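Since the structure comes first, as structure tokens, the remarks are kept for the end.
Nothing here was measured: the structure is a model prediction, and the numbers come from that model. By convention in this document, chain letters (A, B, ...) are assigned in the order of the sequence lines, proteins followed by strands, and residues within each chain are numbered from 1. Any value given below was found using the heavy atoms of this structure, including those in side chains, with hydrogens, waters and symmetry copies removed.
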There are 2 protein chains.
Amino acid sequence: MALGSKETSQPPSSDDFALDGEGPLFRQIERAITGMILRGHYKAGDRLPSEADLTTKFGASRQTVNKAITELAKQTLVARNRRAGTVVSARFQETFQLPLPDISEVVLERGDLYEFRILKRDRVVNGESGMTWSAIPKGSALLYLEVLHLANDAPVQLERRLVNLAAVPRIAKETFNDTTPGKWLLAKIPWSSVRHQLRATAADNALAGILGVAVGAACLVVERQTFHLAVPITRVQMTHPGDRFQIDSLFALSGFENAD
Amino acid sequence: MALGSKETSQPPSSDDFALDGEGPLFRQIERAITGMILRGHYKAGDRLPSEADLTTKFGASRQTVNKAITELAKQTLVARNRRAGTVVSARFQETFQLPLPDISEVVLERGDLYEFRILKRDRVVNGESGMTWSAIPKGSALLYLEVLHLANDAPVQLERRLVNLAAVPRIAKETFNDTTPGKWLLAKIPWSSVRHQLRATAADNALAGILGVAVGAACLVVERQTFHLAVPITRVQMTHPGDRFQIDSLFALSGFENAD
DNA sequence: AAGTGGTCTAGACCACACG
DNA sequence: GTGTGGTCTAGACCACTTC
């Protein structure tokens, strides 16, 4: 079971460049090379054969080989350099995909009953009455929404949202009888960039009352700011009771999804 | 400033298929199509021209057009279907890249002084003395490590780690004078899949004492399990004081990074 | 100077899904 | 059937970087 096969590992033999015949050729090549790296035939810092060599070894065109290796480079498994060649990375990926879907889908996915309630809905002026969104000039018209999301009647998320009314005037007439503001915005307004922040906070009195947890209880906060072509669209703070919500993500190198 | 240009948006004219001449052709095509979608010339559910048509409109080869659209499909901006064609997605990406680098780099990046202390180091048997890792058979030999990470002498992370000794026997001799266990493992042992969980917890007495926070303080917990070719390597719980640590991530559609 | 990756084209065959 | 994307090849030119 020992993985410490590095000390005794062999350099890649011609057999290691064998393909398994499953699926597209470029994926087979991807798997073959990933496999050699994972099995220690290529170690961190080692140089892979050039594309021209791989073309011969795999019996594929250069385009196909290039597509495979480009994909490995995107996964940060290798680094590519002109003239110097392709080198196995010393360190693996440090950025991971985390799914942050609409809370309604998380709840429904679990088979629970989903419901939401609009607690507040106010037109506010940026910078006044304690509402400030620094990405937007003071004095701008904003819509403030407070929405409680419930799973089987238990609160799982308090959503506190500011919407830039100059960018999304139509939202003023929307009543949100059928969809949540989050889904409405996602469907109506495209975005070009998104910023996320994750942190933990203790519930204050107001939050504790709304979420039905003890004062001081740990909560997971996801804050999201959405922009469209440099125009701020919406900023939302999603606060979850720490004991009823977590984010879960599984990542596998492509071709090795079933290696668990 | 209003973005509600959808109601008045025009169907794409031939001018919209103009390229800006910057960088590789496939990126120009990518930007051109992304731009048409973001500006509302193509709305959710609309069908893009076929690859053959785009080949003509952009004056590029099919390979090049295909590469551009394949990239858009990976970003979930469009969905591709044989026979039915390429359709603009009704909903945008719901999975985001979050950076989770080694804590030492986060601290050093901020310009703070970084230090770590190994608080505990025990050989344990899985299932005994309160240590259980369900991915591994009971009775397996594990190494338990407790490491405190500090920024400017203030604790920012408590790391509690289990290592599968059968998979990583060499770690038994490692003293971690120079590197943290996390970095050591990353450098020595490759992984093929990783699972992450994020949640908030309240500090209990022990945790509060170690982190130097009040009992009950909110903490952000990142749990990571790493596997290599189906073999569990390590499981680590990284607990951060909620007020001294957060995860931050900015994502932009490629080609629109400067649109903020 | 020469090797390596970056990109592009023209042409081809195939698989799938819809009518 | 037939249109659409999925994939592949052979060949080419170029840019960058190291030798």
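A heavy-atom distance below 4.0 Å to DNA chain D is reached by these residues of residues 76-90 of chain A, ordered by number: R82(A), R83(A).
Taking atom CG of residue L19(A) and atom P of nucleotide dC8(D), one finds them 11 Å apart after rounding to whole Å. dG6(C) atom P lies 20 Å from atom CD of E22(B), rounded to whole Å. Atom CG in L72(A) sits about 13 Å away from atom P in dG5(C), given to the nearest Å. Between the C1' atom of dA12(D) and the CG atom of N66(A) lies a distance of 14 Å, rounded to the nearest Å. In this entry the distance linking NZ of K67(A) with C1' of dT9(D) reads 13 Å, nearest Å. The distance between atom CD1 of I69(B) and atom P of dT7(D), rounded to the nearest whole Å, is 14 Å. Rounded to an integer number of Å, the gap from CD1 of I33(A) to P of dG5(C) is 11 Å. When rounded to the nearest whole Å, the span between CG of L54(A) and P of dT9(D) equals 13 Å.
Side-chain N or O atoms of R31(A) include one that pairs as donor or acceptor with a backbone N or O of E22(A) at under 3.5 Å.
We find the CG-CG distance between D53(A) and L48(A) to be 10.5 Å, quoted to the nearest 0.5 Å. Atom CG of L72(A) and atom CD1 of I37(A) lie 6.0 Å apart (nearest 0.5 Å). Rounded to the nearest 0.5 angstrom, K57(B) NZ and L19(B) CG are separated by 13.0 Å. Going from atom CD1 of I233(A) over to atom OG of S192(A) covers 8.5 Å, rounded to the nearest 0.5 Å.
Nearer to the 5' terminus of DNA chain D, by closest-nucleotide assignment, is the contact made by S50(B) (compared with the other of S50(B) and T64(A)).
With salt bridges taken as basic N to acidic carboxylate O contacts below 4.0 Å, one links E105(A) and K183(A).
Within the 4.0 angstrom heavy-atom criterion, only backbone atoms of the sugar-phosphate kind lie near R47(B); the bases stay farther away. Nucleic acid contact for G23(A): none, since no nucleic acid atom lies under 4.0 Å from a heavy atom of the residue. Across all strands, A60(B) comes closer than 4.0 Å only to sugar-phosphate atoms, never to a base (heavy-atom distances).
Listed candidates were dG6(D), dC8(C), dT9(C). Nearest to the side chain of S61(B) is dT9(C). Between dA10(C), dA10(D), dC13(D), one nucleotide has an atom nearer to the side chain of R62(A) than all others, and that is dC13(D).
Between F96(B) and W191(A), the ring planes are tilted. Angles from 30° to 60° get that label.
Counting atom types as modelled, Q63(A) pairs a side-chain N or O with a base atom of dT9(C) as donor and acceptor under 3.5 Å.
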